[in-house]
Amino acid sequence: MGLKGAETRDRLLDATQELIETGGYPGAGLNQVIAASGAPRGSVYFHFPGGKDQLVGESVRRAGRAIGGDLEELAKSSASAAEFIGAVLRHLGERLEESDWRKGCPVATVALETASSNNPLREACSEVYTSWEGALRARLAGRPDADDLAVTVLALVEGALLLARTHRSREPLDRVARQIGALIG
């Protein structure tokens with residue numbers, strides 16, 4: 001694939017991510033993706049022969065890798081696990097607030113809307129969550145409860161993002177950061 005093809009593919013994925021984060025799976029119809037990306041209709045089927053589900057699945061995985069990269073960077077600059085989780089929550093809060101409370105988790109909306117009815121998208125969401133759990137587990141390494149804590153922390157972060165978006169306030173994120181700090185001390 002040439003540079004132009006890669007740029008078109010990236011525009012399609014960027015538009016899809018924006019649409020699923022702000023409008024969920026139903027809000028990322030192919031017509032909306034084409035309009036938002038400015039890509040020709042044929043490009044969707046050229047780059048994503050599996051159609052909408054392939055496009056959304058790859059967008060979820062791509063967004064998951066981007067946040068995973070953020071987690072790695074935050075882990076490097078944090079002295080403790082509690083400091084790391086606090087930094088993650090601040091980062092996600094900034095992302096949410098900068099989007100005018102429209103962008104929570106790039107995976108949660110798709111997971112909630114499709115997990116019971118669309119196995120390929122459920123698998124894409126599961127892969128991302130598994131990778132994020134792994135990043136958290138790595139930061140909690142050495143603790144006998146690292147596996148359980150990684151899942152607990154991820155669930156608390158996801159819930160806090162939902163509440164913050166709903167209330168249009170970072171307060172749920174701040175409260176969860178304090179509780180996680182006390183939990184993992």
Side-chain angles (χ1 to χ4, degrees), residues 1-76 84 87-115 117-139 150-151 153-155 157-158 161-162 164-165:
M1 173 179 355
L3 180 61
K4 186 175 179 182
E7 288 173 356
T8 300
R9 188 175 197 286
D10 285 343
R11 283 198 335 263
L12 289 165
L13 288 167
D14 290 343
T16 302
Q17 182 179 341
E18 177 77 20
L19 290 166
I20 61 177
E21 282 195 69
T22 59
Y25 180 78
L30 293 181
N31 289 334
Q32 291 93 334
V33 171
I34 291 164
S37 69
R41 180 172 294 281
S43 294
V44 173
Y45 298 104
F46 175 78
H47 292 289
F48 305 97
K52 178 179 176 175
D53 286 350
Q54 182 184 4
L55 180 60
V56 170
E58 289 191 34
S59 179
V60 164
R61 286 180 177 97
R62 184 174 178 243
R65 286 189 302 273
I67 297 234
D70 293 343
L71 293 178
E72 288 178 22
E73 289 302 312
L74 292 169
K76 290 177 189 175
F84 166 62
V88 168
L89 285 161
R90 281 189 302 282
H91 172 71
L92 294 173
E94 288 165 7
R95 181 179 184 277
L96 182 56
E97 196 167 15
E98 287 170 2
S99 74
D100 195 30
W101 307 102
R102 296 173 9 163
K103 291 183 178 182
C105 174
V107 179
T109 303
V110 173
L112 289 169
E113 292 173 341
T114 65
S117 61
N118 188 318
N119 202 48
L121 291 180
R122 181 202 58 77
E123 288 174 358
C125 294
S126 179
E127 287 171 23
V128 172
Y129 282 137
T130 299
S131 74
W132 292 350
E133 285 174 30
L136 293 168
R137 188 179 309 106
R139 196 60 172 104
V151 171
V153 167
L154 181 57
V157 168
E158 286 293 308
L161 280 170
L162 175 64
R165 188 174 183 191

Can you check whether [X] reaches [Y] side chain to side chain, under 4.5 Å on heavy atoms?
X     : Y      : value
Leu30 : Leu55  : yes
Leu12 : Ser43  : yes
Ile67 : Pro106 : yes

To the nearest 0.5 Å, how far apart are [atom1] in [X] and [atom2] in [Y]?
X      : Y     : atom1 : atom2 : result
Arg139 : Leu74 : CZ    : CG    : 10.5 Å
Arg9   : Phe48 : CZ    : CZ    : 4.0 Å
Phe84  : Leu71 : CZ    : CG    : 5.0 Å
Glu58  : Gln54 : CD    : CD    : 4.5 Å
Leu89  : Glu94 : CG    : CD    : 11.0 Å
Leu92  : Glu97 : CG    : CD    : 13.0 Å

Donor-acceptor pairs under 3.5 angstrom involving side-chain atoms of residues 21-29: please list them, not counting sequence neighbours.
| residue | atom | partner | partner atom | Å |
| --- | --- | --- | --- | --- |
| Glu21 | OE1 | Arg95 | NH1 | 3.0 |
| Glu21 | OE1 | Arg95 | NH2 | 2.9 |
| Glu21 | OE2 | Gln17 | NE2 | 2.9 |
| Glu21 | OE2 | Arg95 | NH2 | 2.8 |
| Thr22 | OG1 | Glu18 | O | 2.8 |
| Tyr25 | OH | Asp53 | OD1 | 2.4 |

request  = Hey, could you give me each pair passing side chain to side chain donor-acceptor pair (under 3.5 Å) that has a residue in residues 27-39? Not counting sequence neighbours.
outcome  = Asn31-Arg41
key: Shortest non-hydrogen separation from Arg61 to Val128 and the atoms involved   = CA-CG2, 3.9 Å
note = When every non-hydrogen atom of Ala39 is compared with those of Ile34, the smallest separation belongs to O-CG2, 3.2 Å
query = Checking Thr114 side chain against Ser117 main chain: does a donor-acceptor pair fall under 3.5 Å?
reply = no
Can you sort out the partners of [X] under side-chain contact (heavy atoms from CB on, under 4.5 Å), two or more places apart, ordered by chain and number?
X      : result
Arg165 : Leu96, Thr109
Ser126 : Arg122, Thr130
Asp14  : Arg62
Glu158 : Cys105, Ala108, Tyr129, Trp132, Leu154, Leu161

